[in-house]
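Comments concern the structure below.
Below, chain A is the first sequence line, B the second, and so on; all start at residue 1. Only heavy atoms go into these numbers, but all of them, side chains included; no hydrogens, no water, no symmetry mates.
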Amino acid sequence: KNEVEQSPQNLTAQEGEFITINCSYSVGISALHWLQQHPGGGIVSLFMLSSGKKKHGRLIATINIQEKHSSLHITASHPRDSAVYICAALPNAGGTSYGKLTFGQGTILTVHP
Amino acid sequence: KAGVTQTPRYLIKTRGQQVTLSCSPISGHRSVSWYQQTPGQGLQFLFEYFSETQRNKGNFPGRFSGRQFSNSRSEMNVSTLELGDSALYLCASSFLAGGPQETQYFGPGTRLLVL
């Protein structure tokens, strides 16, 4: 079993729909990242969370440390949101886990007009 | 500010050769991390450098090595290439110590094909 699991693996939506991508992890973490990867490979960091909730435009990320679960929500989805979304956990290793992210397998999101 | 740059963007090598990839972080960023992305294994952590010191290493064989220069630019080297080393190699930089409060900024990647 992977330390970081995402669901669903594939997600298809119609423009305007509300989208949720889930991420569960089995290790203690100091932070969780949500990343977006477009075709061609470039990765953009969307959020970094250690507790609570963050919002940026139509994107919302939440994390529940006790339940070891995080969600990424996209409101009013748009075709330009089509990408791979990846969650990545930074283990809680006494402050020495520099860069040592453990990644989920990614969720392929396709939003149709 | 210019983003993270990686060179070359594409590379074709044959088995047994070695390769060196370069990463220039965002100006002022001191931490550089390297990741490998393959269709089978997804993204995996290779190593992280800060102030010319490797602070963390992932579970990769010794054929994978790296270094960081005084200007924070970093290189990674893969010796004795194998077919399985074909991948997208990404580097990411962050400002301070690469601690949990820091966002990582990713480069566009170097796509390596080993024949």
Side-chain angles (χ1 to χ4, degrees), chain A residues 1-7 9-10 23 25 27-52 54 56 59 61 63 65 70 83-108, chain B residues 3-6 9-10 23 25-26 29-51 53-60 66 68 74 76 87-112:
Chain A
K1 191 179 191 304
N2 292 334
E3 291 181 339
V4 179
E5 296 275 355
Q6 283 185 239
S7 62
Q9 290 191 6
N10 286 279
C23 176
Y25 51 91
V27 297
I29 68 166
S30 57
L32 186 121
H33 296 249
W34 280 102
L35 310 171
Q36 180 193 57
Q37 185 172 33
H38 280 283
I43 291 180
V44 173
S45 180
L46 298 175
F47 296 103
M48 182 184 56
L49 294 162
S50 53
S51 65
K54 287 190 175 180
H56 185 258
L59 303 178
I63 190 167
I65 297 293
S70 177
V84 178
Y85 292 84
I86 303 166
C87 68
L90 188 70
N92 187 356
T96 63
S97 56
Y98 308 110
K100 205 167 187 177
L101 294 171
T102 300
F103 297 86
Q105 72 273 39
T107 295
I108 303 172
Chain B
V4 178
T5 59
Q6 291 187 246
R9 294 292 311 278
Y10 304 92
C23 172
I26 291 171
H29 285 197
R30 299 166 66 188
S31 169
V32 174
S33 299
W34 287 90
Y35 303 95
Q36 181 197 63
Q37 186 176 34
T38 60
Q41 298 296 319
L43 276 158
Q44 294 181 281
F45 169 74
L46 279 158
F47 22 66
E48 189 266 359
Y49 288 89
F50 177 79
S51 291
T53 299
Q54 183 184 90
R55 296 193 298 185
N56 260 323
K57 189 177 192 310
N59 295 325
F60 279 82
Q68 187 181 35
S74 177
M76 67 163 281
L88 179 67
Y89 291 89
L90 292 151
C91 78
S93 72
S94 60
F95 180 57
L96 288 173
Q101 285 76 32
E102 295 184 22
T103 297
Q104 292 220 38
Y105 296 85
F106 286 80
T110 294
R111 195 168 293 278
L112 172 65

Minimum heavy-atom distance B/Tyr35-A/Leu101, with the two atoms named: OH-CD1, 3.7 Å

Quick check on B/Leu90 against chain A: is it the side chain, the backbone, both or neither that has a heavy atom closer than 4.5 Å? side chain

Using heavy-atom distances under 4.5 Å, tell me whether B/Gln41 contacts chain A through its side chain, its backbone, both, or neither. neither

Residue pair B/Gln104, A/Leu90: steps toward the side-chain contact (heavy atoms from CB on, under 4.5 Å) verdict: CA-CA 12 Å; B/Gln104 292 220 38; A/Leu90 188 70; 5.9 Å; no

Residue set satisfying side-chain hydrogen bond (donor to acceptor under 3.5 Å, both in side chains) with A/Thr107, at least two apart, ordered chain then number -> A/Gln6

Minimal heavy-atom distance between A/Leu35 and B/Phe106, with the atoms involved, is CD2-CE1, 4.0 Å

Can you tell me which portion of A/Ile86 sits under 4.5 Å from chain B's heavy atoms? Options are side chain, backbone, both or neither. side chain

Looking at every heavy atom in both A/Phe103 and B/Gln44, which two are closest together, and how far apart are they? CD1-N, 4.3 Å

